[in-house]
Amino acid sequence: MSSEARYQPQEIEPRWQAAWDAEGCFTARMDPARPKYYVLEMFPYPSGRIHIGHVRNYTMGDVVARYKKAQGFSVLHPMGWDAFGMPAENAAMAEGGHPGTWTYNNIKVMKGQMKPLGLSIDWSREFATCDPEYYGQQQALFLDMMQAGLVYRKNAVVNWDPVDMTVLANEQVIDGKGWRSGAEVERRELTQWFFKISDYSGELLDAIDGLKDWPEKVRLMQANWIGKSRGLQFSFQRTDGQGAVEVYTTRPDTLMGASFVGISPDHPLARELAATNPALQAFREECAKGGTTAEELETAEKKGFDTGLTVKHPFDSTWELPVWVANFILMDYGTGAIFGCPGHDQRDHDFARKYGLPIIDTFLPTGQDWDIQAAPYVPMKSETVRWTRGFGWPEDATADAAIAAAIAECESRGLGEGVTKFRLRDWGLSRQRYWGCPIPVVHCDTCGVVPEKKENLPVRLPEDVSFDKPGNPLDRHPTWRDCPCPSCGKPARRETDTMDTFVDSSWYFARFTAPHAATPTNLAEADYWMNVDQYIGGIEHAILHLLYSRFFARAMHRTGHLPARSIEPFNALFTQGMVTHAIYQTRDDKGRAVYHFPEEVELRDGSGFLKDGTEVEIIPSAKMSKSKRNVVDPVAIIDQFGADTARWFVMSDSPPERDVEWTAAGAEATHKHLARVWSLIDRIVALPADQTGEGDEDLARAMHRAIADVTATIEGFAFNKAIAKLYEFTNTLSRSKASAKAQKQAGRVLAQLMAPMTPHLAEDLWHRLGGDGLVTLAPWPKADPAMLVEDTVTLAVQFNGKRRTEITVAKDASKEEVEKAALADEAVIRGLAGATPRKVIVVPGRIVNVVV
RNA sequence: GCCCGAGUGGCGGAACGGUAGACGCAGGGGAUUCAAAAUCCUCCGCCCUGACGGGUGUGCGAGUUCGAAUCUCGCCUCGGGCACCA
């Protein structure tokens, strides 16, 4: 073998990438003659280096993009950067410098790492969300949304670090303490900006039904998140005659089991009473300790404070219930007040036991005893139970029926009304941070809150800022805040809150259709390219990012920036699994976690050690995240074996929707396989054109089978199975003794089928086999259905469901013929030992089951 | 705590309710080689058996079915999300 007759990806890959660039293969063009296809992978945060999860994600999208291109679509496959966010500020704090410098440098490095992968991306559309051109249009969008009544201000709680005097993200609160100061975090109220996503609660929920090509699990998660509930809203009159407590309950059927009324520590009544009750005020302050996450609130120990106030049961004015302030009641949901029914709710039961409140059943299991004092009885609402304290429905009824009856009964008595509520809260977009899109409004002493004029956009972030102190540099900047009021022209102050980075990612997909338009979108371009035909991203975005984007698409339609059909912007969604890796951590002298990169850790017998011998704690299998440092850099694999090996390797084996624990074992074997394919084609190319052989028909059948299987598996996002089919076809071809003509044709088809996964190698094979032009631009092969038909079929024969033997019959054999053939089989006769089967089940083309 | 997933050989995984383990990795044996690498052939869930063959087996426990990895119920373990990580 001569020295050049080897697979050399380092030589092949840059050459074909240059050829694609020269042809402009990946530039998206509006083409009325072709159907369009918009494939989008969730854009990355520029953390510094790409990790193997990025390679997996973008290769998936690239397989789809290249496949659709071969199918004749005009493809849009763009890439950009989700570039605002905390890590850049953290880097500026840790290492000095400006967040922008850090961010743009990371983008440069990561783009440099992505380019060698040979992704079919239209880089001419690239942008970063921190580009003033992008965030200026985002500000314009914000002003339009403000005009449309979709933006407002209200108070909301934040994590407050009392030592650093700054707002903390949930991620920065560790075990209830500030990550830098170590101080105990408090919940504190601030006036903040909100998007009125709740205007669309019902619509966002109902429209989920139309998202046919979204994973069922994502649709379920979104539906649960929006959380539509039907319940009863009514009042408990105070016995002191000083008004009432309004409550909302989804279980009005348990009203006769009410034991107490609970209100949130932030409820107006709690605030009012605390003004004259220091002990209650102390309790409220106690409740305000800790972070703001639902997880923290719900797992905290249940605590209550008896206000001494009592209210009357709506059905019986002599029945008095105590009013307690309880830390597990959220002001954000319902009315911030509930009634407790300890008989049928675990949380209320715990609370009642702790504070000696009565526990009363309203229903019990049918035909069974239950000690309601020992445990609450909480069956499924669809289960029929025996009502002991119902009102207005049969003794045996489901809770579902009882709830409807209870609402009707209370309405007819004029005691309350049935209402529909949603769990979904308005979207708080204010961030007290520098590295985000400035909210384009001005505070004027005369005019109040005034939107900035559009011609003054973008409101740019100032460059001269320092991060040596905690808190928002915009707040302490000497001049940036000063500006004239857009309305009256008098001196005024800019808003210093910036936008949540989720805003940036809620419309980037629309901006890609016209990335440099002077308005947020260009309607002609949006009309042609929208919607995203295939969106691909991590399951971790199942709720927030996708829900916010659905809301934004509606808001953009309402403000004239998207066509009506784009209010659901993603036609199909694929959520790929995460690439996970162990986290290696040690503790610093304050007991805080310090994370270490995998390459810093040496593993011995399941334990890990740093270079200096320190043992590290190993946390198995977590999502790869820069902040946890459990990331694996794919560059070494690309350098050593080439991009095609990396691409094939991440697509093979694991189904794309499943999480994978990263291991590099096998990358070399993948490379060997590609080298084998290269050599195989090298051998086929060398065959004399007129060489005859045998098995042309078999090879042609295998080829059509491969076309059909690879096409179907790519369509179904089963890339691992597509690769398994390619292995099979490659093995068949390498053993074939068919004619040169047949082998060359099979080789060209192999190159085409491999092209979405290993595009550089495929170009090379295609070229050497005399393929026409670039394989990237060649039309996808079609399987001939006639070549897929088999004459005979092998059926398993079971005895009582256990496989005994198998028989081969004609494909179109009747049930009777199959049964006859089965009963004539030697192994079946032996198994029956003269007995007559009780029954023979024949499923044509599938199975024979002999029941004895 | 609440919502959503996942669990199959030594490993990654395959299997419209119908032959469990396709395909690949790792490993064993063999060919080639002075030797090695590379390459090729071959075996490969576990237990019993010389072989034929048999038993057993898809996290655990029940159930539905002629037949369950697949459907139902109850658990266990792991992962994701929980509104200021992106």
Side-chain angles (χ1 to χ4, degrees), chain A residues 42 44-45 47 82 84-87 156 158-159 167-173 192 197 215-218 220-225 227 291-300 302 328 332 346-347 423-433 500-502 504-505 538-545 547-548 575 577-578 580 620-623 625-628 652-655 657-661 663 665-666 668-670 672-673 675-676 679 718 720-721 723-728 731 794-806 838-841 843 845-851:
Chain A
M42 290 179 185
Y45 179 79
S47 55
D82 191 11
F84 275 135
M86 289 201 309
V158 292
N159 301 304
V167 175
L168 299 179
N170 286 335
E171 192 191 44
Q172 297 171 316
V173 179
Q192 310 221 61
I197 190 172
E216 186 54 34
K217 61 181 168 183
V218 175
L220 241 180
M221 280 190 262
Q222 293 224 344
N224 289 340
W225 185 261
T292 56
T293 64
E295 185 186 359
E296 211 171 324
L297 296 172
E298 285 176 41
T299 53
K302 309 287 172 282
F328 58 87
D332 287 324
Q346 185 66 53
R347 207 161 46 175
R423 203 185 76 101
L424 179 66
R425 307 199 300 254
D426 276 333
W427 172 8
L429 69 119
S430 287
R431 297 293 180 268
Q432 293 70 40
R433 273 187 271 283
D500 178 6
T501 56
F502 271 122
D504 313 336
S505 55
I539 183 65
E540 68 270 30
H541 296 293
I543 297 173
L544 293 179
H545 162 63
L547 191 62
Y548 289 156
T575 52
M578 279 167 299
T580 62
S621 262
K623 167 175 86 164
S625 150
K626 185 87 191 301
S627 63
K628 298 279 170 22
S652 62
D653 294 349
S654 288
E657 68 278 8
R658 200 180 295 184
D659 291 348
V660 282
E661 173 72 15
T663 153
E668 192 176 349
T670 295
K672 280 184 192 171
H673 172 74
R676 262 196 302 274
S679 304
N720 56 324
K721 286 184 245 174
I723 282 179
K725 300 297 179 189
L726 286 168
Y727 270 111
E728 281 180 354
N731 290 339
T794 302
L795 299 180
V797 180
Q798 301 178 328
F799 272 42
N800 294 336
K802 280 192 194 300
R803 182 185 171 278
R804 257 326 115 105
T805 184
E806 58 187 37
R838 287 204 297 145
K839 197 170 166 189
V840 180
I841 290 160
V843 183
R846 296 247 169 251
I847 199 99
V848 178
N849 191 8
V850 181
V851 185

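Given the structure is predicted, the values throughout are model-derived calculations rather than measurements. In what follows, chains carry the letters A, B, and so on, assigned in the order in which the sequence lines appear, proteins first and then strands, with residues in each chain numbered from 1.
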With syn defined as a glycosidic torsion within 90 degrees of 0 and anti otherwise, which applies to B:rG13? anti
Taking atom C1' in both B:rA26 and B:rC43, compute the distance separating them and give it to the nearest angstrom. 14 Å
In whole angstrom, give me the gap between the P atoms of B:rC23 and B:rA14. 14 Å
Looking at B:rA62, which nucleotide sits across from it as a Watson-Crick or G-U wobble partner, both distances under 3.5 angstrom, or is there none? B:rU72
Can you work out whether A:E806 or A:M578 has the more 5'-proximal nearest nucleotide on RNA chain B? A:E806
Taking the same atom, P, in B:rG45 and in B:rG10, what whole-Å distance lies between them? 10 Å
Between B:rU49 and B:rG55, how far apart are the C1' atoms? Round to whole Å, please. 11 Å
Looking only at the side chain of A:I841 (C-beta and beyond, no hydrogens), which of the listed nucleotides B:rG24, B:rC66, B:rG13 gets closest? B:rC66
If the P atom of B:rC75 is compared with that of B:rG1, how far apart are they to the nearest Å? 13 Å
For the C1' atoms, the ones on B:rC84 and on B:rC25, what distance do you get once it is rounded to whole angstrom? 43 Å
A:T299 side chain: which of B:rA22, B:rG1, B:rU19 is closest? B:rG1
Closest nucleotide among B:rG12, B:rU19, B:rC25 to the A:S654 side chain: B:rG12
What's touching nucleotides 83-86 of chain B from the protein side, N or O pairs under 3.5 Å?
| residue | atom | partner | partner atom | Å |
| --- | --- | --- | --- | --- |
| B:rA83 | OP2 | A:A294 | N | 3.2 |
| B:rA83 | O2' | A:R425 | NH2 | 3.3 |
| B:rA83 | N6 | A:R423 | O | 3.1 |
| B:rA83 | N1 | A:R425 | N | 2.9 |
| B:rC84 | OP2 | A:R431 | NH2 | 2.7 |
| B:rC84 | O4' | A:R431 | NE | 3.2 |
| B:rC84 | O4' | A:R431 | NH2 | 3.2 |
| B:rC84 | O3' | A:N170 | N | 3.3 |
| B:rC84 | O2' | A:N170 | N | 2.6 |
| B:rC84 | O2' | A:N170 | OD1 | 3.4 |
| B:rC84 | O2 | A:R433 | NH2 | 2.3 |
| B:rC84 | N4 | A:Q192 | OE1 | 3.2 |
| B:rC84 | N4 | A:S430 | O | 3.4 |
| B:rC84 | N4 | A:Q432 | OE1 | 3.0 |
| B:rC85 | OP2 | A:N170 | N | 3.4 |
| B:rC85 | OP2 | A:E171 | N | 2.8 |
| B:rC85 | O4' | A:E171 | OE1 | 3.3 |
| B:rA86 | OP1 | A:M86 | N | 3.1 |
| B:rA86 | OP2 | A:T501 | OG1 | 3.4 |
| B:rA86 | O3' | A:D82 | OD2 | 2.7 |

C1' atom, B:rU77 versus B:rG59: distance in rounded Å? 8 Å
Identity of whatever pairs with B:rC40 - Watson-Crick or G-U, under 3.5 angstrom: B:rG30
